[in-house]
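Here is the structure we will look at.
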Amino acid sequence: MSDGTHGSHGTHGSSTGYGSCFDTLGAQYIDGEWRAGTGSWDIVDFNPYDGEKLASITVAGVDEIDQAYRAAERAQPAWAAVNPYRRRLVFERALRIIDDNEPELTAAITAECGGTAVKAAFELHLAREFLREAIQLALRAEGRILPAPDDTRENRLYRVPVGVVGVISPFNFPFLLSIKSVAPALALGNAVVLKPHQNTPICGGGLVAKLFEDAGLPGGVLNVVVTDIAEIGDALIEHPVPKVISFTGSDKVGRHVATVAASHFKRTILELGGNSALIVLDDADVDYAVDAAVFSRFIHQGQVCMAANRVLVDRSVEREFTEKFVAKVRTLKVGDPGDPATHIGPLINSGQAEAITSLVDQTVADGATALLRGRTDGTLVGPSVLTGLPADSPILGQEIFGPVALIIPFDGEEEAVRLANATPYGLSGAVHTGDIERGVRVARRIETGMIHVNDATVHDEAIVPFGGEKHSGVGRLNGDSMVEAFTTTKWISIQHGRSVFPF
């Protein structure tokens with residue numbers, strides 16, 4: 001009996017193409033076929049560390065967007081009809097493919113994203129976790145039977161796929177954050193059109209398409225289009241086929257996505273930027289708080305939405321914390337992300353490096369004190385630690401997507417809460433204290449979707465709702481929230497007797 005998927009158990013890890021992904025996967029993937037785009041220009045994919053050209057991809061035009069969505073629309077009903085016990089076999093095979101090709105995938109993340117060994121391991125670990133959760137999600141779209149006012153009538157609520165989902169993924173963790181939306185949407189019976197970020201078209205797009213192709217996903221169920229708004233405008237969002245748009249990126253772009261989608265009566269799941277605070281209370285374990293803060297700020301060069309933009313420290317421990325924090329940051333090695341000893345690799349491109357450098361220069365010119373000033377060499381930006389910031393410093397209210405830490409003293413819990421909430425964002429955070437329940441009390445007062453007591457600000461767990469408040473997003477992903485995001489409720493009532501009508 002066919003299980004609605006292609007391929008056979010146990011053979012997919014030997015599939016070719018992961019080690020030479022930049023040569024083989026630089027194309028559009030539409031209706032189960034790899035093809036060239038027909039747009040008017042090429043996206044050139046560069047290694048952010050050494051500038052090596054990795055791939056050149058002719059962008060998809062509006063016609064390809066339509067073809068991708070129409071392919072998904074045709075393929076989705078048959079995919080949704082596959083028994084979920086058999087549907088989940090695709091995700092089991094995808095897990096084995098990642099295991100069998102981990103060195104090649106790590107190399108791709110290093111080359112295209114500038115990811116260090118720690119970052120690549122973190123990304124692949126979480127990608128596996130989301131695939132494991134997708135296996136369970138395939139069985140979790142549960143219906144309900146509700147009471148009816150008539151004894152002969154029955155009310156059934158069915159959880160059904162929305163149909164086709166559009167996914168737009170970012171450059172910082174492209175393999176993970178594509179899979180994070182793609183896998184659950186597929187597991188719940190939807191088809192997907194994925195647009196990766198133009199800086200990471202292979203890790204965020206081509207590798208994801210190949211992973212599911214090799215895992216036996218039928219053609220057309222997942223389509224990948226490599227393009228840019230300069231070529232297609234809002235066609236990816238406005239197209240009549242997708243019912244849900246899942247976007248991860250900046251709040252500026254997220255606002256636009258939400259506006260366009262709403263005007264076409266589409267649902268959006270928006271995972272946007274952050275300006276998270278890591279709070280160190282007066283009774284915290286200072287050495288441990290330093291370790292957590294350094295990781296929270298500098299993992300993947302600070303290019304993480306959950307990163308601790310602001311480190312708030314009680315004035316009673318400010319001196320000790322600051323001295324130890326700066327000393328630890330000085331030990332971070334900046335350089336080749338392919339070197340296992342490297343802590344801080346390149347930013348994604350030279351424009352981002354220049355923007356971060358200018359931001360630090362302007363903040364110091366406006367009165368901040370640089371306890372450590374990182375040197376910029378191309379896309380490599382060394383870590384900076386700033387303190388003594390004026391209360392109206394623009395840097396305090398924005399997301400810093402780079403290796404810059406802000407140390408801000410406070411006097412007591414009330415001021416800590418006020419400062420932590422003095423931002424339009426509300427994604428993550430952390431509170432460090434010797435009293436767990438005190439930490440929970442403070443954490444509950446922070447206007448944020450996620451916050452962690454005595455830990456880092458950077459966490460993502462496949463079964464725990466993930467998302468932000470305020471400008472940090474709308475909706476939640478992970479766990480049961482995926483069912484809410486990628487299915488809809490259908491009411492079917494059944495009259496077993498005969499209704500009496502008033503006319």
Side-chain angles (χ1 to χ4, degrees), residues 18-26 43-56 98 101-127 170-177 196-204 206-207 291 294-304 307 326-360 372-385 400-405 456 458:
Y18 295 92
S20 57
C21 59
F22 297 105
D23 297 327
T24 59
L25 303 181
I43 285 175
V44 181
D45 189 15
F46 291 105
N47 181 317
Y49 173 65
D50 61 15
E52 177 191 359
K53 178 180 174 181
L54 301 173
S56 180
I98 292 178
N101 294 278
E102 184 169 5
E104 292 83 1
L105 293 170
T106 297
I109 290 170
T110 297
E112 189 174 58
C113 311
T116 64
V118 169
K119 188 266 189 185
F122 183 73
E123 182 161 9
L124 292 176
H125 165 71
L126 281 178
F171 69 79
N172 55 344
F173 284 80
F175 187 69
L176 165 64
L177 294 179
H197 195 280
Q198 57 268 31
N199 285 130
T200 50
I202 303 300
C203 289
L207 280 173
D291 290 345
V294 171
F295 172 81
S296 297
R297 177 59 260 176
F298 296 107
I299 177 67
H300 194 40
Q301 296 76 265
Q303 299 175 123
V304 183
V326 173
K328 187 172 182 69
V329 173
R330 287 186 188 278
T331 68
L332 301 180
K333 181 179 178 181
V334 180
D336 181 357
D339 181 349
T342 295
H343 300 101
I344 297 178
L347 296 184
I348 191 62
N349 54 46
S350 58
Q352 183 68 10
E354 291 165 6
I356 291 295
T357 303
S358 297
L359 182 62
V360 173
L372 188 63
R373 189 79 172 269
R375 186 172 69 90
T376 299
D377 180 9
T379 54
L380 290 175
V381 178
S384 293
V385 180
I400 310 169
F401 233 50
V404 182
V458 179

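In this text the structure is predicted, and so the values were computed from the model without any measurement.
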Using side-chain heavy atoms (C-beta onward) and a distance below 4.5 Å, is [X] in contact with [Y]?
| X | Y | answer |
| --- | --- | --- |
| Val404 | Leu359 | no |
| Glu52 | Phe46 | no |
| Val360 | Thr376 | no |
| Asn349 | Phe171 | no |
| Tyr49 | Leu380 | yes |
| Val329 | Val294 | yes |
| Phe298 | His343 | no |
| Asp339 | Lys333 | yes |

Take Leu54 and Ile202, measure what side chain to side chain contact (heavy atoms under 4.5 Å, CB included) needs, and give me the verdict at the end. CA-CA 9 Å; Leu54 301 173; Ile202 303 300; over 6 Å; no

Given side chain to side chain contact (heavy atoms under 4.5 Å, CB included), test Val304 with Phe173 step by step and report yes or no. CA-CA 8 Å; Val304 183; Phe173 284 80; 3.7 Å; yes

As a quick check of understanding, evaluate side chain to side chain contact (heavy atoms under 4.5 Å, CB included) for Gln301 and Thr116, giving each step before the final call. CA-CA 9 Å; Gln301 296 76 265; Thr116 64; 4.2 Å; yes

Leu347 and Ile356: side chain to side chain contact (heavy atoms under 4.5 Å, CB included), yes or no, with the steps? CA-CA 9 Å; Leu347 296 184; Ile356 291 295; 3.9 Å; yes

What closest approach, in Å, do [X] and [Y] show between heavy atoms, and which atom pair accounts for it?
| X | Y | answer |
| --- | --- | --- |
| Pro196 | Thr200 | CB-O, 3.9 Å |
| Ala117 | Pro340 | CB-CA, 4.4 Å |
| Ala353 | Val381 | CB-CG2, 3.7 Å |
| Glu112 | Pro201 | OE2-CD, 3.3 Å |
| Pro48 | Cys113 | CG-C, 3.9 Å |

Any chance the rings of His300 and Phe122 have centres within less than 6.0 Å?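 No - the distance between ring centres of His300 and Phe122 does not fall below the 6.0 Å cut-off.
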
Under the salt bridge (charged side-chain N to carboxylate O under 4.0 Å, His left out) rule, collect the residues that match up with Glu123, sequence neighbours excluded.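 Partners of Glu123 by the salt bridge (charged side-chain N to carboxylate O under 4.0 Å, His left out) criterion, ordered by chain and then number, come out as Lys119.
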
Let me confirm one number: the CG-CZ distance from Leu207 to Phe22, rounded to the nearest 0.5 Å.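 Between Leu207 CG and Phe22 CZ, I get 7.0 Å after rounding to 0.5 Å.
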
